[in-house]
Every structure is written in structure tokens, then in C-alpha cells.
Amino acid sequence: MSALRVCVEGVGLWSPRLGSFAALQALLRGTAPPPPSARPAAATLPPNERRRAPESVLLAVEVAGQAVAMSGRDAATLACVFASSHGDQATTDYMCRTLAQAPAELSPTRFHNSVHNAPAGYWTIATGCHAPSTAVAAQHASFGAGLLEAVTLALSERRPVLLVCSDTQGAGPLRKVTGCAQAFGCALLLSPTPGEATLARLALTLAPLRAATPLPEPLATWSDANASAAALPLLALLAAGHGGCALRAAATLELRIEMEDIA
Amino acid sequence: MPVSTIPLAITAYTATTALGHGIDAQLDALRQARSGLRPNDFGNAALPCWIGRVDGVEDSPLAAEHAAWDCRNNRLAWLGLRQDGFLARVRAARERYGADRVALLLGTSTASIGATEEAYRRLDAAGEFARDPRHPEIHAPHSLAAFVAAALSLEGPCMTISTACSSSAKVFASAERMLRLGLVDAAVVGGVDTLCDSVLFGFNALELVSAAPCRPFDATRNGISIGEAAGFALLERTDVAPDAPRLLGYGEASDAYHMSTPHPQGLGAELALREALARAGLAAEQVDYINLHGTASVKNDEVEAALVERTFPAGTRASSSKGFTGHTLGAAGIVEAAIALLAIEHGLIPGNLGGRTPDPVCGPQFAWRNERRRVDVALSNSFGFGGNNACLVFARGGFPA
């Protein structure tokens, strides 16, 4: 298989410690940035939707908005792939708790917010986007599988694609099972061709799974605390501007990623 | 507009629904216009409605080596995989191409959330999940695909698509793109969703569940009947199976309107339909049969019937099969793909079961009763919450001749 080559035009990032890709760059340069506000701003959502939306939506919309803004592209035309290992864990916790106690009292709004594609739904509604949108999961390989889906879409259809990967903090008894101790979300704006907004060009190949790419602290700890933080090796690579990494893309596969010269 | 799409051969397919296990059971029930719906006998709390329940799921344990994946959804998956010689066809593809050259792309809306619901009913004294020998991964959306990957010994790209009721239609689109780029040589696609309290009480809370068997496109329809199903298909390049039926195209689009109500003019559905026809290189006049999404919700059917009426000639036949199977949610795409393929293979237009008094919005395209005619091209519509729309185009092997 020849390498899949895509350009990165935007990067979004949100965690309780880092509110943007620039904050990660600062952290890796040795400057500890101030933490962001307690909830993702998700400014792309209209205020009434922002009040109603579950945390998974705020997180996904926040990082999506950052990546699209960096690229300068029009969100309304972008195909989008939303990946998450667990979906909205507070909603799942609410649903299962209510169903165990008083199923007839289940909230209709929280039910429709429970679908895995809730972030894709809110995002496309907020941006007036009629392009294809999807929502995927692959356990601890959700970022890699989502990246493969997004790159495949960008290259086969020759169109820019927004990739978002995010998981909320675990809630209730589910938290021990998912192991998500803190929220983490990131987004990439991927384009099949280089342009003025190109930040980096990546060459990706699928290969049998090997050992994970080691990460410096505190990234390694964060990576263990959220399934979507499996994206950190690539985000660190983008922050460094050179080198390579490997990300799990399925139980048996990894994506090997090399950064190439843009020229 | 889309870049050229490659046709794919559907070299094997299977479906297990309330109509029975495997393709012959589906065909037999369709021919006899026999519904699989029954009064709700599922779950821990009674909800007066009708459901499309698959018989025998509880009596279908997983193989011993996969016991850690045991839950009702994976049991239905395993039951479905064992029909129609599907396991042998996948094994042959794995041997032909290599385990890492076969993708596994499955759609599901709720995966094994039923197992999580059950864990919440049996919390221990500390309020945590009781000790359980099963994989904690059964409490995640990828439970289904992870189990099926293990059961089929596949080592290629493996992903869950979960876009509510369009999930297992969209897997065909993802598979086509992976094959087109040469990432894999074949793909197992499909989907499984099982009855669970989340969907029964969730759709009930939205006032979308009918107390009676669902009546798609009927003037008096008042909601859906929830069903469960497993379905799978094996996709390969057409040169290895020139006579097999084909996926000719697909369309995907977003409504950008509302989380749980379709766009009033069916904008996303129409975009998906137009893209699907464009990819397939077909005009609307060339479509012989459309398996509609047709959930029997007031809004969906109104919007979808109007789309059919303004797009297709009277000669195109259209029907919903939800009156047979119930709305199988994330599995609806694959189940209705199988029904579209049966229509092509057997020249059978299934009648729109449950619709006795046609809604006046329905045009002459509607097949209210079974019809026999040659079908070369069949579409399947699947629309989901979040305004997520997909349309698939299937054709007879070798079409266009």
C-alpha cells in the first residue's frame, strides 16, 4: 500500500489543562499555559443550543470550531467525521440510572442527545452544513480509526474533511469501566491538497500494531485518562513540526505517520 | 459533485429479523405478506406497544472462546452470522486476501447498551458495577464490531459507525471508499441492534411509539414499532464476481435542521438521493424499486412520500418494510439493503404492509400490495436522528447490460 498523504490546515484541542493547540505548543516549549474555563465555550453553537447541549457536544463543537477557524474554511461545506470511544457518558449514566428506577420518566431530550452522532447533529445544525457527516467508535483506537475514515474520505472524494475525536469525563459507576478521568477533545482539518493554510503534510501507512509511541509527561498521564487522548502523539508531532509517530487504528493495526516537507 | 465511485459486488448477504433467521425466512414472509410484529413481551417494565423481536436470541450463546463478549446484542450478531453460509464466505475471503486486507465496518445505534442497563439494575452495595467476568468493552459502542472481529478473525480496519438509524447504510459508503483507495480488497459490512429499554422508553418519551402495529404511510399512522435485527454483507471488487448483485452508488447528507425531526422539505434526504443517483450514473426513471425508510412516524413518512412523489415516475415502485420487521434502528440499513437485493434477485416488490388507508400525500409509486416484476435497480433509504441521511443504490449483476 502506498502512503496516504494529507495536509493539516487546522488543529483544535480542549482538555481541563489545555484550551487550544497553541497551549499544547506552549506546554511542550516548557511554558505552562493557564487552564481554560471550566466548560468548553463552544461559541459556534447559538446560546439556546449551548444551554441545552450535553457536555460531549460542547467539547466536540469547541475543538471543531477551533480547527475550522484556523483553516479559514467555511464549516457549512465540510464533510465531517466525529469519533468518540464512549459518547456522552453523563447521558449514558442518566439513561441507565433512570431506566433502572423509573423508566417512564425518561427525558425525551436526553434520549435524543444520547445518540452517538449527537455532536455531528448539533454541529451540522449550528453551521448549516448539509455535507456528509458521520459518527464512529473503535474503543481505544477511536482516534486512529476516525483518522483513517477522515483521510479515506478526503482522498477518495478529494474534499477537505473535519475530524473530531472527543470523550467526556466518565460519570457514575460507568466511570470506572471507561477509565475516563478527565475530558479530552481534539480536531483536525484535513485537506487532500496543499494550500495557503497548510500547517503540515502527513504520510500515513497502515501496518501491524507495534508498541505505542512513548509520550513525554504530563502527556503520558493524560493519555491514560481518556480514550480520545490517544491522539496526543500526533498532536505532539504537529506541535514539534517534524518526526513521526504511530497510532492504534484497530485492535490489530496502527497508522504510521511521518511528517513531510510541505514544499 | 462526487468523484467516480467503483461498483462493488455483493458476494454474500444475510439478514435475521422478527421474520426469522436468514434470507429464506425473510423472503418467505415477504411473499406471504406476513408481519413479524408481536405485542411487547420484552424488558423489565411493561410498555404497551408492538415489537419486532427475533426468536431464539436468548438460546444462542456465543462460542466458549468468545464468552467474555456475551450479551444479548452479540448473541444476535452471532446468530445472524451463522445464517446463509456467511461464515464460510468470510473465511474464503480471509484466505484469499489475507485477514488484514478485509475491513469490518458495522453499524449500530445502541450496541450492547442493554448490558449496561442490566449492570445498573444490579449495582453492588458501593454503587459500582457488580463483579463481571465479561470484557468491560461490552459497555462501549464498539462492543459489536470488536466481538465480530474476534469471531471472524479479521485483522483489517475495524470501525463502528453509529449515526442512529442510518448507521448500517453508511457502512457501504465507507467500505467503497476503502476499496477504491486500495486499503483493503474486501469488506464485511452490516449492523446489529437489539431491543433494549433505552430505545423502547426513549422513543416512547418522544411520543414516537405506536400502541398498535406500525402503519407506514397510512393516513392514520401514529408511530413506530421498534424491532431488532442482525444483517451482514460481503463486498468485493466486481471482477471476482461479475454476476453478483452490485452496490452502484450511495449518497450521504445532513439535514442541518433538528436533532429528532426531519427537515420539513426533506432537504438532506433529497441531497442523499440525488448524490446516490449521480454516483450510480442513473436517472430517477431507471429506478425500479425503492425500499423507503418509512418508519410510520407522522413526520418521516410525510416528508419521504413527498420526495418520492416529486422525484420518480409512476413506474418506479416504492414501499416500506417496517410493517414486516419493525424499525430495527441501526440495523435498518443492512436489513433493507437485503430486502432491496431480494427484490432484484426474485422480482418481488414487497407490499407496504400495515398501510391500509393510504396517506393522500402518497403518489402512484406506492406498492400497497406485493407485485411481481423484474427489478434491475433498487434503492434503499435510511434516515437517522441528527438529520443523518443515507441512500444506497443496488443493481443486478452486470447492469447496465
Side-chain angles (χ1 to χ4, degrees), chain A residues 1-2 4 76 84-87 92 95-97 99-100 103-104 106-108 111-118 120-122 124-125 127-139 141-142 145-146 148-149 152-153 155-158 172-174 176-178 206 208 249-253, chain B residues 2-3 44-45 100 109 113 116-117 119-121 123 127-129 136-137 139-142 145-146 149 155-164 170 173-174 177-178 180-183 197-198 201-207 252-260 267-268 271 384-388:
Chain A
M1 182 193 113
S2 57
L4 304 167
S84 175
S85 295
H86 300 288
T92 306
M95 295 267 303
C96 291
R97 196 176 291 280
L99 290 169
L106 200 68
S107 148
F111 170 63
H112 81 212
N113 282 344
S114 75
V115 295
H116 198 67
N117 61 316
Y122 277 88
T124 51
I125 292 167
T127 59
C129 172
H130 297 287
S133 59
T134 195
V136 305
Q139 197 60 33
S142 293
L148 181 61
E149 173 72 1
T152 302
L153 183 57
L155 296 182
S156 63
E157 300 292 292
R158 294 182 208 133
L174 204 55
K176 268 194 183 166
V177 181
T178 64
L206 273 174
T252 50
L253 285 181
Chain B
V3 194
N44 299 277
D100 64 338
S109 179
I113 192 76
T116 314
E117 294 170 3
Y120 269 77
R121 288 194 296 267
L123 295 177
E128 304 288 351
F129 281 15
E137 288 86 350
H139 301 294
H142 194 53
E155 298 173 5
C158 173
M159 186 173 67
T160 299
I161 293 184
S162 186
T163 53
K170 290 171 75 75
S174 292
R177 291 189 285 262
M178 284 192 184
R180 179 145 45 103
L181 286 187
L183 300 181
D197 284 356
S198 294
F201 287 96
F203 281 105
N204 183 59
L206 284 165
E207 300 178 343
E252 301 168 278
S254 308
D255 272 353
Y257 178 72
H258 190 272
M259 275 303 292
S260 55
L267 180 55
L271 288 169
F385 273 8
N388 201 290

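Computed from a prediction, not measured in an experiment: that's the story for all the values here. Order of the sequence lines fixes the chain letters, A, B, ..., with proteins taken first and strands second; residue numbering starts at 1 for each chain.
- In this structure, the side chains of B:I113 and A:C96 come closer than 4.5 Å at one or more pairs of heavy atoms.
- Scanning all heavy atoms of the two residues, the minimum distance from A:H116 to B:S162 falls at CB-OG, 3.3 Å.
- Two residues are said to be in side-chain contact when any heavy atoms from C-beta on lie closer than 4.5 Å; B:T116 and A:V177 fail this criterion.
- Put simply, NZ on B:K170 and OG1 on A:T134 are 4.5 Å apart, with the number rounded to the nearest 0.5 Å.
- Inter-residue side-chain proximity for A:L174 and B:F129 is flagged as met; some heavy-atom pair is nearer than 4.5 Å.
- Both the backbone and the side chain of A:S133 come within contact range of chain B, judged by heavy atoms closer than 4.5 Å.
- The nearest pair of heavy atoms linking B:M178 to A:E149 is CE-OE1, 4.4 Å.
- Using a 4.5 Å cut-off between heavy atoms, A:A251 makes no contact with chain B at all.
- Between B:H139 and A:T178 there is no side-chain heavy-atom pair separated by less than 4.5 Å.
- The line from CG of B:L183 to CG of A:L206 is 6.0 Å long, rounded to the nearest 0.5 Å.
- Nearest approach of B:G156 to A:A250, heavy atoms of both residues: O-CB, 3.9 Å.
- Per-residue counts of heavy-atom pairs under 4.5 Å with chain A were compared for B:S198, B:G384, B:P136; the largest is that of B:S198.
- With respect to chain B, the highest number of heavy-atom pairs below 4.5 Å among A:S114, A:G87, A:G128, A:C129 belongs to A:C129.
- Note: B:L267 leads B:L267, B:D100, B:N204 in heavy-atom pairs under 4.5 Å with chain A.
- Looking only at heavy-atom pairs under 4.5 Å with chain B, the residue among A:S84, A:S85, A:A120, A:A76 that has the most is A:S85.
- Interface remark: of the candidates B:A119, B:S260, B:A145, B:S260 forms the most heavy-atom pairs closer than 4.5 Å to chain A.
- Considering every non-hydrogen atom in both A:F111 and B:L206, the closest pair reads CD2-CD1, 3.5 Å.
- Comparing B:A256, B:A164, B:G127, B:A205 by heavy-atom pairs within less than 4.5 Å of chain A, the highest count is held by B:A256.
- Closest approach of B:E155 and A:L253 over heavy atoms only: O-CG, 3.5 Å.
- Heavy atoms only, all atoms of each residue included: A:A135 and B:T163 are closest at N-CG2, 3.4 Å.
- Per-residue heavy-atom pair counts under 4.5 Å with chain A were compared for B:R121, B:E117, B:M159, and the maximum is reached by B:M159.
- To the nearest 0.5 Å, atom OG1 of residue A:T152 and atom CZ of residue B:R180 are 10.5 Å apart.
- Both the backbone and the side chain of B:A253 come within contact range of chain A, each with at least one heavy atom under 4.5 Å from a heavy atom of that chain.
- The SG atom of B:C158 lies 11.5 Å from the CG atom of A:L148; values are rounded to the nearest 0.5 Å.
- Ranked by non-hydrogen atom pairs under 4.5 Å with chain A, the options B:P157, B:A173, B:P141, B:G386 are led by B:P141.
- Using a 4.5 Å heavy-atom cutoff, the side chains of A:V115 and B:N388 are not in contact.
- Top candidate by heavy-atom pairs under 4.5 Å with chain B, chosen from A:A137, A:P132, A:G121, is A:A137.
- For B:L123, the part sitting under 4.5 Å from any heavy atom of chain A is the side chain, from C-beta outward, and nothing else.
- Both the backbone and the side chain of B:F385 come within contact range of chain A, each with at least one heavy atom under 4.5 Å from a heavy atom of that chain.
- At a 4.5 Å heavy-atom cutoff, the contact between A:L106 and chain B is made by backbone and side-chain atoms alike.
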